[in-house]
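Computed from a predicted structure; not experimentally measured.
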Amino acid sequence: MVNERKKISPFNDDVDPILLLRIARKSIVPVILTFCFFALAAFIYLRFTPPIYEASATVQLGYDTRSNALLQARNIYEQSIFQEMELLKSPVSIGNSLSKLPLEVSYMIKGEILSSELYRSSPFTVSYTVKNPAIYGTPIYIVFNENYSVELSYELPEKVESISGPILDSLISKDFSILLDIRDYETIMRNQRDQENKYFFILNDPKSLTSTYMKNLEFEIVNQLAKTILVRFKDGNARKAKDVVDQISSDFILNDEVRKQESANSILKFIDQQLAKIYDRLYESETRIQEFRKQHRIPEAGSDYEPRMLPTANSRLSELENLQVSKKAEIELLSEVEKEIGQTDSLDVYHLVALISGTSEENNSINSTLDRLQSLLLSREKMLYVVKSSSTQVKALNYQIDIQKKLILETIGSRKKSLQLELAEIQNQVSAYRKTLSPTGAGYDEIEYSRLLRIAAVNESFYNTLVDRKAEYSISKAGYVSTNRVLEEAKLAETPLFPDKKNVITVCFAAALVLSSMLIVIRYLLHNEITTVQDILKYHNIPILGVVPRYKKDIPNSLLLVDRNPKSSIAEAFRVLRTNIRYFVTQTQERGIIAVTSTISGEGKTFVAINLGGILAYSGKKVVILDLDMRKPKIHLGFGTENKRGMSTILIGENSVTDCINHSSLENLDFITAGPTPPNPSELIISELMNGTLEELKKTYDYIIIDNPPCGIVTDGIDNLRIADVPIYVVRSQYSKKTFIENIRKLQDTDGISKLSVVLNGMESTGTGYGQYGYGYGYGYGYGYGYGYGYGYYDEGNEDENEKLGILSKLFKKKYE
């Protein structure tokens, strides 16, 4: 047959949903423990992990320049979103915003597990003076006493300090002095007394406050076209996170308008200075003209006499002198920029760019260089909040800043030289034109008079230009309305960002579910026990003598059940065995030897032998049971008698067969115990006395049932199996391994026991239960049977054991039964 040689896999290669349900039921306890473990892990993680809250706000940039467009004035304020972003997250800007919040002192309350910050809710506040900077960041514990006094304690490296005193007095130590302001004394005492909480506070270093909070600040451009920026902050206190975001956002809106107004004021101030200078020149020119007229009695403009002019030469001279004044003004402006760059490290680059933008287009090349300088200055400012000024990074930035300054100064110097050359050339041309103009006999130097008029006209023109420029900037300043606004204000976080309770529970539940499923699947794949008759027939085509169901109640000490309840399923199963045995013995005689064995102990061969003998005795057959498992005898325990003599003493000739026969409570059923354990049971079993004993018993009894040792452990009983009319191999459902079938093959193929048949013991009648078997059997000599008094592997109906399963296990069991 094909299935006789089918390879037995160490893994379960069948698809059996019923078996999977059985294993799931059997695994209910470890599954519940797995879920409990992960539930406990989630609880501990959520309970002991400090929460982190997040607040965020969205700021939009915009400028209302409608008045500028209406009056055709230039817009001097508009900047890119990246420039605004740099200003928004600059340490100076953030530091100014943080200084407006109560962050100098962190008021804390220490609970049983975690400490929490009492931001804006502390029942007391402190004003302090620090003497030792090492006190910054050190927890200072405070205990309020009933007599309106306090005790402070703190720990610094290598010392522990404590001070005490009245609440209303200053508390002075070597490291600081503190004055308390009590807001709610009753709450303080109630928390200390009822909840056993402990207050403490931390003095924060103002120098490192900005850098500390900047680590948890994030800025992100949401939409570059819409000019929206997201401000995000994370902290252990939800209210503090909201306040920090709100303060930074509101300060940005407020400071933007102030900053732009200051820039406009700076430009207007410079224009006013230039106007004053030009006004003085204009006044001087007009005074000299008046004096010249008085001296030479020249009538006022519009009178009968007008000086003779040479239109072409005179107009060209006027243009040159006009250009001469413009070049001088530009040289002065560049000198002003050069002076400001050389004097200070903190530059208002936007102010300098605005000044230069009013000059010739050649100076606009300096703007990009100024932008790079401003970027380097901002980078150094940010770096100083993280590292010291002597650090390598700061030195590298200082080196780049110096190079950029030198480059700007060289560019300005080169431009000034070029302007000076142009100015010299203009002056030469002016002199040449003056020589071409000669006196006309007007009685005065007409050229000098024309020159004075032209100078006055040039100064007046330049003065009017500055007045127009001032008007433009004044209009732009007056018309500017910042439309920077907060699109979405920060909200008070109700749930922490971290740890996320929902995610933690989901992950732990999923992990428990996966591990439980893996446990069930692995146990299913590793399930290698014989469960049903089909598990035997699938690998070996051996005759199945019968199936003994699992007993639902406690097995009595005698192991004999068929006489207790003749109508039970156990008795009926052994009747089937009795019927099937008749096919193996002579039909006319119905006599023979029945040898019972198994692979290992605990499979129920003694139980089968005793009850098979009992059911045969019920039918009127005289039956004797021989206990040849002399290493671990059990028959005397099953019948509740002594084991002072038996098969061992018979086989050594010490006692006769008649002397060792014991009678049971059941008529026609006798038994012979194993007797004292001999040192050589194998030799005794195969001795001639054994054959003689069997022949002698055949004269008296119809059936001789031999309880052999497990043949998977020792080979003592193989000879008895050969001579037996009915050799029976007992396997136990949910206990015997599928690999035991190889032992059955060996007995048939190698040992020549062709008549071997199998009894499946302990079969679940419903096909769903597993029973509470022990798996602690051992291989090798000294094996232990699973019986003893009580024979626990048949106790599925034991109420005490079922109670151990627990309520959930009972419900699960009922569901599938």
Please report the C-alpha distance between Phe671 and Ile661 in whole Å, then the side-chain angles of each, then the deciding distance to 0.1 Å, and finally whether the side-chain contact (heavy atoms from CB on, under 4.5 Å) criterion is met.
CA-CA 6 Å; Phe671 62 92; Ile661 294 176; over 6 Å; no
For Tyr141, does the six-membered ring have the charged nitrogen or CZ of Lys198 within the cation-pi criterion, i.e. under 6.0 angstrom from the centroid and within 45° of the normal?
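Because its charged atom sits under 6.0 Å from the ring centre and within 45° of the axis, Lys198 does stack over Tyr141.
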Minimum-distance pair of heavy atoms, taken over all atoms of [X] and [Y]:
X: Ser601; Y: Tyr735; value: O-OH, 3.2 Å
X: Ala724; Y: Lys755; value: O-NZ, 3.4 Å
X: Asn668; Y: Ala617; value: ND2-O, 3.7 Å
X: Pro727; Y: Leu721; value: CB-O, 3.8 Å
X: Thr531; Y: Ser733; value: O-OG, 2.7 Å
X: Ile706; Y: Leu628; value: CG2-CD1, 3.3 Å

When rounded to the nearest 0.5 angstrom, what distance separates [atom1] in [X] from [atom2] in [Y]?
X: Ile728; Y: Ser598; atom1: CD1; atom2: OG; result: 12.0 Å
X: Asn720; Y: Ile718; atom1: CG; atom2: CD1; result: 10.0 Å
X: Ile109; Y: Ser115; atom1: CD1; atom2: OG; result: 9.0 Å
X: Leu560; Y: Ile615; atom1: CG; atom2: CD1; result: 9.0 Å
X: Phe639; Y: Asn662; atom1: CZ; atom2: CG; result: 9.5 Å
X: Leu756; Y: Arg722; atom1: CG; atom2: CZ; result: 12.0 Å

Does Glu667 have more than 12 heavy atoms from other residues, nucleotides or ligands lying within 6.0 Å of its CD?
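Counting other residues, nucleotides and ligands, CD of Glu667 stays at 12 neighbours or fewer.
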Could you walk me through whether Tyr583 and Asn580 pass the side-chain contact (heavy atoms from CB on, under 4.5 Å) test, one step at a time?
CA-CA 6 Å; Tyr583 292 99; Asn580 293 336; 4.2 Å; yes
Hey, does the side chain of [X] reach the backbone of [Y] with a donor-acceptor pair shorter than 3.5 angstrom?
X: Ser648; Y: Thr677; answer: no
X: Ser516; Y: Leu513; answer: no
X: Thr49; Y: Pro499; answer: no
X: Asn708; Y: Thr597; answer: no
X: Ser687; Y: Leu684; answer: yes
X: Asp719; Y: Ile685; answer: no
X: Asn528; Y: Lys737; answer: no
X: Ser757; Y: Ile542; answer: no
X: Arg523; Y: Met518; answer: no
X: Arg732; Y: Gly602; answer: yes

Whether the [X] and [Y] side chains hold a donor-acceptor pair (N or O, under 3.5 Å, no angle test) is what I'd like checked.
X: His540; Y: Gln748; result: yes
X: Ser656; Y: Asp659; result: yes
X: Asp707; Y: Thr606; result: yes
X: His663; Y: Asp670; result: yes
X: Asn655; Y: Thr649; result: yes

Residue pair Arg578, Lys621: steps toward the side-chain contact (heavy atoms from CB on, under 4.5 Å) verdict
CA-CA 11 Å; Arg578 182 182 64 191; Lys621 301 296 183 179; over 6 Å; no
Just wondering, do [Y] and [X] contact through their side chains at under 4.5 Å, heavy atoms?
X: Val624; Y: Leu669; result: no
X: Ser682; Y: Asp716; result: yes
X: Ile8; Y: Ile741; result: yes
X: Ile570; Y: Val548; result: yes
X: Arg22; Y: His527; result: no
X: Pro678; Y: Ile652; result: no
X: Ile635; Y: Leu626; result: no

So Tyr729 and Thr599, side-chain hydrogen bond (donor to acceptor under 3.5 Å, both in side chains) or not? Walk me through it.
CA-CA 8 Å; Tyr729 200 98; Thr599 305; 2.2 Å; yes
Ignoring hydrogens and angles, write down the donor-acceptor pairs under 3.5 Å from the side chains of residues 692-700, residues two or more places apart or on other chains.
| unit_1 | atom_1 | unit_2 | atom_2 | d |
| --- | --- | --- | --- | --- |
| Thr693 | OG1 | Leu689 | O | 2.7 |

Acceptor/donor pairs from residues 31-48 side chains to any protein atom, 3.5 angstrom cut, sequence neighbours excluded:
| unit_1 | atom_1 | unit_2 | atom_2 | d |
| --- | --- | --- | --- | --- |
| Thr34 | OG1 | Pro30 | O | 2.7 |

For the pair Arg591 and Asp702, find out whether any cationic side-chain nitrogen is under 4.0 Å from an anionic carboxylate oxygen.
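So Arg591 pairs with Asp702 through a salt bridge.
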So, Lys738 and Glu529, do they make that salt bridge, N to O below 4.0 Å?
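Looking at Lys738 and Glu529, the cut-off is not met.
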Test side-chain contact (heavy atoms from CB on, under 4.5 Å) on Tyr524 and Leu19; report intermediate values, then the result.
CA-CA 8 Å; Tyr524 176 80; Leu19 177 61; 3.8 Å; yes
Assess whether side-chain hydrogen bond (donor to acceptor under 3.5 Å, both in side chains) is satisfied between Asn643 and Thr673, documenting all intermediate values.
CA-CA 6 Å; Asn643 190 32; Thr673 63; 3.0 Å; yes
